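First up is the structure itself, then whatever we jot down about it.
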Amino acid sequence: VYNREMRAAIDREITTRALDFITRMVEKKQPFFAYLPYTQTHEPVDAHPEFKGSTGNGAFADVLAQTDSYVGELLALVDKLGIRENTIFIFTSDNGREGVTRSFGFTGPWRGTMFSPYEGSLRVPFLVRYPGKIPAGKVSNDIVHQVDLFPTLANFVGGDIPKDRTMDGVDQSAFFTGNADKSARESMVIYIGNELFGAKWRNWKILLKELDEDSYAIKKMAYPSIYNLIVDPKEEVPEDFYLDDTWVDFPLWQVIEDHEASIEADKGAPGP
């Protein structure tokens, strides 16, 4: 039964199972894909008994120390098994901090939380290690989307991309390996659930709707908010940095129009 007691132990269990799985695959000389969806940075925060109270800085700090330790175990095993040079190791997240009252986490200077259209929701850590292929220590703030991982990983491992459906991801392998200076993506659309809120293009953002950050009510705007995320990373004063650059209307609206056209043309994924 997945109760609070089991919840506190689940990240330890999936780590242990992953370590066993990786070891068995290497012993069989088989390629593998291991995905570990750690739970404990979500509310309620319950550190494993081995880590509860370990930092002296509260439950969330205990869970961060726990997660760091578990990821370290995985990295150490990859090195110990001698597959470091041939293993792509990714650490990332699906959204920024939770938005419920008194939730933990930190979004730095960026506005908003999970379930918002702001940068505090959209920006997440993304670290990838692939020795000999991806240069160590490379840092970038270019746009990379989670959906880009499928075509990128497929390229790295020699997989075939389906041709019978629309693919939202773009291959970022040239960007990751340093063979391209810029990301293969310079735009993305912004959804909350099924609501299209806007789009990003380079360092600009357009929001057709805003969110009441107290009630989560959707506010439909009389005219769009446009933010320059270089000079206004907190998304505080859209018009102040827009009136001198009204030309950005065109690429921003083009992202939305292209997206809507692609949905209209998409017949959907084929059945099994």
Side-chain angles (χ1 to χ4, degrees), residues 1-28 30 32-78 80-81 87-108 110-129 145-147 149-150 153 191-195 211-218 272:
V1 177
Y2 189 68
N3 53 23
R4 286 291 290 271
E5 183 179 3
M6 179 61 185
R7 175 177 167 77
I10 192 68
D11 285 7
R12 174 68 269 174
E13 179 176 337
I14 62 176
T15 302
T16 300
R17 288 177 179 267
L19 295 168
D20 175 66
F21 168 72
I22 293 169
T23 301
R24 287 186 285 111
M25 292 300 102
V26 172
E27 288 174 349
K28 295 177 182 178
Q30 290 186 4
F32 65 88
F33 174 78
Y35 166 61
L36 281 78
Y38 284 136
T39 66
Q40 282 305 318
T41 51
H42 277 282
E43 301 285 347
V45 174
D46 293 320
H48 189 279
E50 293 178 356
F51 285 90
K52 188 173 182 178
S54 62
T55 67
N57 289 307
F60 196 71
D62 293 346
V63 160
L64 293 183
Q66 170 182 302
T67 304
D68 184 62
S69 177
Y70 293 168
V71 172
E73 290 183 37
L74 294 162
L75 287 165
L77 181 67
V78 167
K80 178 182 175 182
L81 294 174
T87 300
I88 304 168
F89 197 110
I90 293 171
F91 182 91
T92 188
S93 178
D94 55 346
N95 50 255
R97 59 160 285 194
E98 292 197 62
V100 297
T101 304
R102 67 157 292 283
S103 65
F104 298 104
F106 181 57
T107 57
W110 293 293
R111 176 184 176 187
T113 60
M114 180 172 64
F115 298 124
S116 82
Y118 308 114
E119 296 300 285
S121 172
L122 303 178
R123 292 181 184 236
V124 298
F126 180 88
L127 297 89
V128 55
R129 185 182 80 169
H145 200 292
Q146 294 276 18
V147 295
L149 286 181
F150 177 64
L153 293 175
Y191 273 87
I192 301 176
N194 290 323
E195 290 272 350
L211 200 68
D212 186 300
E213 294 177 74
D214 293 322
S215 68
Y216 280 89
I218 297 173

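Since the structure is predicted, the reported quantities are computational estimates derived from the model, not experimental observations.
Every pair passing salt bridge (Lys or Arg N to Asp or Glu O under 4.0 Å) that includes a residue from residues 6-18 is listed here, sequence neighbours excluded: R12-E73, E13-R17. Every pair passing ring pair (Phe, Tyr, Trp, His ring centres under 6.0 Å) that includes a residue from residues 35-54 is listed here, sequence neighbours excluded: F51-Y70. Legend: salt bridge (Lys or Arg N to Asp or Glu O under 4.0 Å) pairs involving residues 52-68, not counting sequence neighbours: none detected.
Scanning all heavy atoms of the two residues, the minimum distance from A8 to A47 falls at CB-O, 3.8 Å. Heavy atoms only, all atoms of each residue included: W110 and E119 are closest at CD1-CB, 3.6 Å. Residues I14 and L36 share a closest heavy-atom pair of O-CD2, 3.9 Å. Residues I22 and L74 come closest through the heavy atom pair CD1-CD2, 4.3 Å.
Here S121 pairs with S116 under the side chain to side chain contact (heavy atoms under 4.5 Å, CB included) rule; sequence neighbours left out. With sequence neighbours excluded, the residues satisfying side chain to side chain contact (heavy atoms under 4.5 Å, CB included) with Q30 are M25, K28. Applying the side-chain hydrogen bond (donor to acceptor under 3.5 Å, both in side chains) criterion to E50, with sequence neighbours excluded, gives no partner residue. With sequence neighbours excluded, no residue forms a ring pair (Phe, Tyr, Trp, His ring centres under 6.0 Å) with F89. Residues forming a salt bridge (charged side-chain N to carboxylate O under 4.0 Å, His left out) with D46 (at least two apart in sequence, or on another chain): R4. With sequence neighbours left out, the salt bridge (charged side-chain N to carboxylate O under 4.0 Å, His left out) criterion links E98 to no other residue. By the side chain to side chain contact (heavy atoms under 4.5 Å, CB included) test, A59 pairs with V45, sequence neighbours left out. Taking Y191 as the reference, H259 meet the ring pair (Phe, Tyr, Trp, His ring centres under 6.0 Å) condition, with sequence neighbours excluded. For N57, the side chain to side chain contact (heavy atoms under 4.5 Å, CB included) test picks out T55, A61, with sequence neighbours left out.
When side chains are defined from C-beta on, E43 counts as touching F104, because their heavy atoms get closer than 4.5 Å. Between V124 and T92 there is a side-chain heavy-atom pair separated by less than 4.5 Å.
Distance check: T15 OG1 to D20 CG gives 12.5 Å after rounding to the nearest 0.5 Å. Interatomic distance, CZ of F115 versus OH of Y216, reported as 8.0 Å (0.5 Å rounding). Going from atom OG1 of T41 over to atom CG of N95 covers 8.5 Å, rounded to the nearest 0.5 Å. Separation of atoms CG (N194) and CD1 (I192) is listed at 11.5 Å; rounding is to 0.5 Å. Here K80 contributes atom NZ and T23 contributes atom OG1; the two are 7.5 Å apart, rounded to the nearest 0.5 Å. Taking CZ of F126 as the reference point, atom CD of Q146 lies at 7.5 Å (rounded to 0.5 Å).
Proximity of a side-chain donor or acceptor of Y118 to a complementary backbone N or O of L211 within less than 3.5 Å is detected. With hydrogens and angles disregarded, no donor-acceptor distance shorter than 3.5 Å links the side chain of Q40 to the backbone of F60.
A 6.0 Å sphere centred on CZ of F150 holds more than 12 heavy atoms belonging to other residues, nucleotides or ligands.
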